[in-house]
Amino acid sequence: MILEVFLSALFFTLLGMAYVKGYDVVKRHSPEHLVHFYLIMATVRMLLVGTVVALYVIFTENREHAIRFAAMFIIMYAIMMVVTLKLRH
């Protein structure tokens, strides 16, 4: 479980850093496209999170572990959304 938490935190850290850096680049070069950037990144993040959770659930044999992982990952996703919105808006 510790490895899962560490890898999940790393995943969300990298995803958050990509959002923050991308936001800065788009804001600097074409601020009129910030809305498009936000919508694209929100979609990409949601698809990546859904894919990771689905793959874990498919390949994990223990149902309790899969449910705990999915809940933890979705909570971390919600926290990441709040943090990135607070940092850039």
Side-chain angles (χ1 to χ4, degrees):
M1 188 70 172
I2 299 294
L3 179 61
E4 294 164 350
V5 171
F6 174 75
L7 291 176
S8 298
L10 179 64
F11 174 81
F12 283 113
T13 300
L14 294 174
L15 209 54
M17 286 174 43
Y19 173 77
V20 170
K21 295 295 181 190
Y23 181 90
D24 289 340
V25 169
V26 172
K27 187 176 180 181
R28 188 175 330 117
H29 295 293
S30 57
E32 67 276 2
H33 290 110
L34 278 174
V35 172
H36 298 115
F37 171 76
Y38 176 76
L39 291 174
I40 290 169
M41 279 303 291
T43 303
V44 167
R45 286 188 293 196
M46 186 172 53
L47 289 173
L48 284 173
V49 167
T51 302
V52 169
V53 169
L55 288 173
Y56 189 87
V57 168
I58 289 170
F59 292 114
T60 300
E61 296 170 4
N62 190 335
R63 185 167 186 245
E64 280 188 34
H65 287 263
I67 292 170
R68 266 191 257 141
F69 177 79
M72 176 199 65
F73 215 72
I74 291 169
I75 290 168
M76 290 176 90
Y77 173 70
I79 292 169
M80 182 204 57
M81 291 297 290
V82 169
V83 169
T84 54
L85 287 172
K86 288 285 187 188
L87 286 176
R88 293 294 164 205
H89 293 292

How many angstroms lie between CG in L15 and CE in M81, if you round to the nearest 0.5 Å? 9.5 Å

In terms of hydrophobic clusters joined by side-chain contacts under 4.5 Å, are L55 and L48 together? no

Assigning hydrophobic clusters by single linkage (Ile, Leu, Val, Met, Phe, Trp, Tyr; side-chain heavy-atom cutoff under 4.5 Å), is V53 placed with L47? no

Run the numbers on Y19 and L14 for side-chain contact (heavy atoms from CB on, under 4.5 Å), then give the verdict. CA-CA 9 Å; Y19 173 77; L14 294 174; over 6 Å; no

If two hydrophobic side chains count as joined below 4.5 Å and joins carry through other members, does V52 share a cluster with I58? no

Please check if M76 and M17 belong to a single hydrophobic cluster, counting links between Ile, Leu, Val, Met, Phe, Trp and Tyr side chain heavy atoms closer than 4.5 Å. no

With the side chain counted from C-beta on, respond yes when I67 and R63 share a heavy-atom pair under 4.5 Å apart, and no when they do not. yes

Hey, could you give me the CG/CZ distance between D24 and F37, rounded to the nearest 0.5 Å? 9.0 Å

Heavy atoms of other groups near E32 CD, more than 12 under 6.0 Å: yes

Are F73 and F11, when compared by the centres of their aromatic rings, separated by less than 6.0 Å? yes

Taking the side chain as every heavy atom from C-beta outward, state whether F12 and V49 have any pair of such atoms under 4.5 Å apart. yes

Do the non-hydrogen side-chain atoms of T60 and F69 ever get within less than 4.5 Å of each other? no

Does a side-chain heavy-atom distance below 4.5 Å link M80 with R45? yes

Sequence neighbours excluded, the answer for salt bridge (Lys or Arg N to Asp or Glu O under 4.0 Å) partners of E61 is none

Pairwise distance NE2(H65) to CE(M72) - rounded to 0.5 angstrom: 12.0 Å

Going hydrophobic residue to hydrophobic residue with side-chain gaps under 4.5 angstrom, can you get from F59 over to V5? no

Rounded at 0.5 Å granularity, tell me how far CD1 in I2 sits from CG in L7. 11.5 Å

Any side-chain heavy-atom pair from Y77 and M46 closer than 4.5 angstrom? yes

Measure the spacing between CD1 of I74 and CD1 of I79 and express it to the nearest 0.5 Å. 12.5 Å

